[in-house]
Amino acid sequence: MIYTRTLTKTGFSLTLKMLLAALFIFTAFIIEAKGAEIIDSGSCGDSITWELNDKYVLTITGSGDMYDYNSRTIPWESYSTDIKSVVFSGEITSIGNYAFYYFQITELTVPETVTRIGEYAFGSCEKLVSVNIPDGVTVIEKNTFFRCKALSAITIPDVEERHWIQFN
């Protein structure tokens with residue numbers, strides 16, 4: 001036996017509205033996902049990768065230590081004045097030397113998993129206003145915040161090694 005149900009005009013209208021609403025939500029999701037296209041990517045640790053999207057959000061994902069750099073070997077250096085924010089994901093345990101040297105970011109939260117911040121990691125981030133460093137950080141290398149002229153709020157845990165942190 002085949003069961004059929006005839007939709008009334010009201011029932012059809014309600015079903016159509018629900019279908020259109022679902023289609024709208026799905027379309028908005030697709031547009032948002034496509035709205036942030038990856039423009040560059042690479043690795044920055046043995047088990048860490050980075051991606052930069054066209055909204056200039058740098059996402060660092062993975063586990064372990066970031067590589068250490070100098071001021072000319074930072075893989076995303078050519079975007080340093082464009083990057084709006086940095087997002088960490090995963091189990092990053094160290095932020096490498098010079099990793100964000102001369103960036104134009106204004107605030108930063110270091111992930112809970114980080115135990116070491118390398119020298120000059122945020123050096124010359126002249127627009128950096130606030131930094132939150134979790135209690136798990138045990139080593140802050142020299143000049144981590146060198147020339148961070150706008151830095152007005154920083155939370156620093158009681159670290160084991162503090163290599164003459166300079167803030168001016």
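Because only heavy atoms are used, hydrogens play no part in the values below, and waters and symmetry mates are left out as well, while side chains stay in.
- What you find for Glu141 and Val139 is that their closest heavy atoms are OE2-CG1, 3.5 Å.
- Val87 and Ile74 are members of different hydrophobic clusters when ILVMFWY side chains are connected at heavy-atom separations under 4.5 Å.
- Between Tyr120 and the choices Asn97, Asn143, Thr144, Asn70, the side chain to side chain donor-acceptor pair (under 3.5 Å) rule is met once, by Asn143.
- For Pro134 against Val110, the heavy-atom pair with the smallest separation is CD-O, 3.4 Å.
- Linking Ile, Leu, Val, Met, Phe, Trp and Tyr residues whenever their side-chain heavy atoms come within less than 4.5 Å places Tyr98 and Tyr67 in a single cluster.
- Looking at every heavy atom in both residues, Ala99 comes nearest to Met66 through CB-CE, 3.8 Å.
- Distance check, rounded to the nearest 0.5 Å: CG of Leu58 to OG of Ser41 gives 11.0 Å.
- Pairs engaging residues 99-110 under the side-chain hydrogen bond (donor to acceptor under 3.5 Å, both in side chains) rule: none recorded [sequence neighbours left out].
- The side-chain hydrogen bond (donor to acceptor under 3.5 Å, both in side chains) analysis of residues 56-65, with sequence neighbours excluded, yields the pairs Asp65-Thr93, Asp65-Ser94.
- The two residues Thr113 and Gly90 come nearest to each other via the heavy atoms OG1-O, 4.1 Å.
- Atoms CG and CD1, from Leu128 and Ile154 in turn, are 8.0 Å apart once rounded to the nearest 0.5 Å.
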| When you look at Phe145 and Leu151, which way does the side chain to side chain contact (heavy atoms under 4.5 Å, CB included) test go after all the steps? | CA-CA 9 Å; Phe145 300 102; Leu151 192 57; 4.2 Å; yes
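- Within the model, atoms CD1 of Ile48 and CD1 of Ile92 stand 4.0 Å from one another, a figure rounded to the nearest 0.5 Å.
- The two residues Tyr69 and Thr73 come nearest to each other via the heavy atoms CD2-O, 3.2 Å.
- Atom CG in Leu108 sits 9.0 Å away from atom CG in Asn132 (nearest 0.5 Å).
- Residues Ile95 and Phe88 form a side-chain contact, since some pair of their non-hydrogen atoms from C-beta on lies under 4.5 Å apart.
- Hydrophobic clustering, with ILVMFWY side chains joined whenever heavy atoms are under 4.5 angstrom apart, keeps Trp50 apart from Val57.
- Every pair passing side-chain hydrogen bond (donor to acceptor under 3.5 Å, both in side chains) that includes a residue from residues 76-87 is listed here, sequence neighbours excluded: Asp40-Tyr79.
- Residues Val129 and Ile133 are members of separate hydrophobic clusters, defined by side-chain heavy-atom contacts under 4.5 angstrom among Ile, Leu, Val, Met, Phe, Trp and Tyr.
- Taken to the nearest 0.5 Å, the CG atom of Asp135 stands 12.0 Å off from the CD1 atom of Ile156.
- Ser124 and Cys148 get closest at one heavy-atom pair: N-SG, 4.5 Å.
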